[in-house]
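Working notes, structure below.
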Amino acid sequence: MRKWITGIALAAALLCGADVQAQYNREYFFWMGQRCMMDNNYQEAIRTLNTLLRFDEDAYEGYFLRGIAKYNLDDLIGAEADFSTAIDKNPVYTQAYTYRAVTRSRLGNYDDALQDFREAIDLRPDLPGPYYSRGVTRLLNQQFSEAIEDFDQFIRHENKVADAFICRGLSYLHLKDTLRAYDNFTTAIRTNRENPNGYNRRGDLYMQQARYPEAEADFNKAITCDSTYLLSYFNRALVYSSTHRPMLALADFDRVIELDSLNSLAYFNRAMLRTQIGDYNRALEDYDRVAAYAPNNVLVYYNRAGVHAQLGEIEKAVDDYSSAIRLYPDFANAYIYRGRLRELLRDSKGARDDRNTAQRKIAEYRSRLNDSTYSIYADTTQHFDRLLSFDTKLSGNRFDNLTGRNGGREEMRLLPLFKFTLMRPDTLPQVERHHLQRVEDFKRRIGNPCLTLTCRESDLAPDTLMTLDRDYARTLKTGDPSWEVYFGRGITQSLIKQYTNAVNTYSTAVELNPTNPFLYLNRSTTRAEMIDFISSIDNSYQRITIDSDPANRLNNNTKRTYSYDEAIADLNKAVKLYPDFAHAYYNRANLKALSGDLPEAFEDYTRAVELDPWFAEAYYNRGIIQLFMKDTRKGCLDLSKAGELGIDQAYEVLKHYTQTEN
């Protein structure tokens, strides 16, 4: 898409020409800027256009061209600013509206992008380009029927652009109309037989329908068109694997890794294939590499344990199953297989404990089959050794990411949820920034000196947490336990990642004391954390992108979506019971942000800082939200305030945006 944008933008700019009444310098620098753009020398183009704009601040074409140069250097915020200036100088500049819309679409600001497209189309309804670009934006925004209308309009004017048929085919595919999707992919191929993307899209559709010979033929053709396009090799490897030709599949994965040596998904799939053919030692090498890339992925340890077992390395296999259990204590499969291996190690008690735990968890899962929250657990004996498509990747912790729009930048993560947890007393801050008398009274009521309200992780050792949990369990078996005991047990269970049990324990506490807002706060946080772990098993892999065209980054696979509705409902209750509880608004804002409701998240962060003007974490997260909503100035002001209040990482984000703006 970038090349398409640049080509049309330059053509439009060249047609504009220079004002015949302008001074010689203006014409010269404008021409030089255009020439640099044509040579893809964007940095030199920006320097040349800067000189032009110093001579003539009203040269709106100069801002427009500089915006295109910045766009191609991935300075999207700078590009948006230049397109905006061009529009300010010339409010009827159609091309500037179009390319500001494209830029905003890449930034994920779809609402403003669509408004810009409306302006451009109202100004020049005869131009086909804005329809195509708006169609892509609507496709990304999951407005599939509207996207089809735009691609129809574009194709009526321009019927030789293969990407338009591909995008329209993707739109039909999302509407479950596979016949029309197929027709569009085929038309795209006929339109441009040298474009590998059309063959890949049609081949992927064939593969989903188990029409492997046709899929293989399309992927072969895609490779003929472009021998460096790794998606073609990856897809063909899946076909080879599905048709029981593992050596050919391995050769294609080797080629993918040759083209992209950091592609962890290729290593993961190659490890599974090597395991299938008995090449266990090299499979271990691949799993070791993936474990280094994705240390928090349960399936890496689970699958590697099976390889260790095949090699007779029983202790190492037990360690890997234990690692999987530490990451996900409700993983019944891991208990089943670890129990079998412990039998071989003559650890009868450990084997018996693992069998009993697995049976108990399977029974729990099956009892919740009618509850969609737990539907993932319906089959706890499924195998996790199938190959994974290129539309997925090994995920990290999805709860750490605000949305999929941050490009994976570490500095753009939200600060985590607040909850009552256990910390060593000597590590607690001497002066609490968020002092609330009602919170202090609650902590005294619980009576645990380690209890604190924080967004930090507990620093108690795992053995200590297990001991505390056993103590609570013994207390609950005697007499008539109070809600305080259930609350304490819920904390320890959540800290050792027994999320299902923790939610149930908190629910019992809520039944005993339904007017206490802090019980709802902790149950909400645990429910949110449980969703994170469920997603790591059920949808461990997320979309990978290699295409420059945003339309090709849209996931066309059906996948489960996760809802924070129950967790948010708990926070709604907490807010109702304690309207001045800033932390409840903060947590609810986090969950709304993770759900994609950025404006509502902004409102909750704002309420949190109104209640507590020293709430540094709320300023920080509100700043991040505003950056995503493209209100950069206010976002940076919030981050500056968070830095003043002690959030050091705020300055890393400010540094990034300062560099971007410059």
Side-chain angles (χ1 to χ4, degrees), residues 415-460 468 472 481-492 494-495 502 505-528 567-591 601 603-622 638 641-642 644-647:
L415 296 178
L417 301 173
F418 274 81
K419 61 183 177 182
F420 286 93
T421 189
L422 303 178
M423 305 281 292
R424 296 202 329 261
D426 60 321
T427 63
L428 295 176
Q430 296 300 312
V431 179
E432 293 276 356
R433 277 191 285 117
H434 311 292
H435 180 82
L436 293 171
Q437 189 58 48
R438 189 166 175 178
V439 169
E440 296 305 312
D441 294 342
F442 176 76
K443 288 162 61 177
R444 278 194 294 272
R445 177 70 179 265
I446 300 299
N448 188 334
C450 296
L451 186 68
T452 187
L453 176 62
T454 182
C455 64
R456 294 162 55 193
E457 292 294 324
S458 172
D459 57 2
L460 295 187
L468 287 171
Y472 276 120
S482 64
W483 66 266
E484 292 92 340
V485 176
Y486 280 105
F487 179 77
R489 179 80 193 282
I491 291 175
T492 58
S494 65
L495 288 175
T505 304
Y506 283 134
S507 296
T508 303
V510 167
E511 290 174 5
L512 295 172
N513 188 359
T515 60
N516 191 309
F518 306 127
L519 308 187
Y520 294 99
L521 179 85
N522 265 39
R523 186 172 69 176
S524 168
T525 305
T526 300
R527 279 174 162 161
I568 291 174
D570 273 343
L571 293 171
N572 292 341
K573 186 69 173 179
V575 166
K576 185 175 181 179
L577 292 169
Y578 187 4
D580 295 333
F581 191 21
H583 300 78
Y585 291 100
Y586 168 92
N587 280 12
R588 191 170 68 179
N590 269 29
L591 298 184
E603 292 177 4
D604 272 345
Y605 286 130
T606 299
R607 181 58 180 153
V609 297
E610 287 173 352
L611 291 168
D612 182 359
W614 306 101
F615 203 154
E617 294 84 358
Y619 282 110
Y620 179 90
N621 283 4
R622 190 175 71 171
D638 270 348
K641 183 67 173 178
E644 291 175 14
L645 294 173
I647 308 295

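Small disclaimer: the values here were computed from a predicted structure and weren't measured.
Panel note: side chain Y520, backbone P514; a donor-acceptor pair is recorded below 3.5 Å. At distances below 3.5 Å, not a single donor-acceptor pair connects side-chain atoms of T452 with backbone N or O atoms of T454.
With contacts defined as side-chain heavy-atom distances shorter than 4.5 Å, the pair R588/L417 does not qualify. Considering only heavy atoms from C-beta on, L521 comes within 4.5 Å of L453 through its side chain. The closest side-chain heavy-atom distance from Y586 to Y605 is below 4.5 Å. A heavy-atom distance below 4.5 Å is found between the side chains of K443 and F420.
Annotation: F615 is in aromatic contact with F418 [ring centroid separation under 6.0 Å].
Between N572 atom CG and L577 atom CG the span is 11.0 Å, to the nearest 0.5 Å. Summarising the geometry, atom CG belonging to L519 is positioned 9.0 Å from atom CD belonging to E484; distances are rounded to the nearest 0.5 Å. Between Y486 atom OH and Y506 atom OH the span is 14.5 Å, to the nearest 0.5 Å. Rounded to the nearest 0.5 angstrom, I491 CD1 and K419 NZ are separated by 9.0 Å. Remark: L422 CG to T492 OG1 distance equals 7.5 Å, nearest 0.5 Å.
A pairwise comparison of heavy atoms in E617 and L415 identifies CG-CD1, 3.7 Å as the closest pair. Nearest heavy atom pair, residue T421 against residue S458, reads OG1-CB, 3.9 Å. The two residues I647 and A616 make their nearest non-hydrogen contact at CG1-CB, 3.6 Å. Taking every heavy atom of both residues into account, R489 and Y472 meet most closely at CD-CB, 3.4 Å. Considering all non-hydrogen atoms of both residues, P416 and C455 come closest at CG-O, 3.3 Å. For the residue pair A582 and D612, the shortest heavy atom distance occurs at CB-CB, 4.2 Å.
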Could you give me the CA-CA distance, side-chain angles and deciding distance for H583 and L436, then say whether side-chain contact (heavy atoms from CB on, under 4.5 Å) is met? CA-CA 10 Å; H583 300 78; L436 293 171; 3.9 Å; yes
Between L468 and L495, is the side-chain contact (heavy atoms from CB on, under 4.5 Å) condition met? List the steps. CA-CA 11 Å; L468 287 171; L495 288 175; over 6 Å; no
Derivation of the side-chain contact (heavy atoms from CB on, under 4.5 Å) call for L591 and S524: CA-CA 10 Å; L591 298 184; S524 168; 4.0 Å; yes
Tell me, with the steps shown, if D604 and R607 meet salt bridge (charged side-chain N to carboxylate O under 4.0 Å, His left out). CA-CA 5 Å; D604 272 345; R607 181 58 180 153; over 6 Å; no
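Counting non-hydrogen atoms of other residues, nucleotides and ligands closer than 6.0 Å to CD of E457 gives a total of 12 or fewer.
Using bins of under 30°, 30° to 60° and over 60° for the plane-to-plane angle, the ring pair F442/F518 lands in the tilted bin. The aromatic rings of Y578 and F581 sit parallel to each other, their planes meeting at less than 30°, with 60° as the upper class boundary.
The side-chain contact (heavy atoms from CB on, under 4.5 Å) search around D638 returns Y619, R622, Q626, not counting sequence neighbours.
Sorted by first then second residue, the salt bridge (charged side-chain N to carboxylate O under 4.0 Å, His left out) pairs that include residues 508-524, not counting sequence neighbours, are R523-D570.
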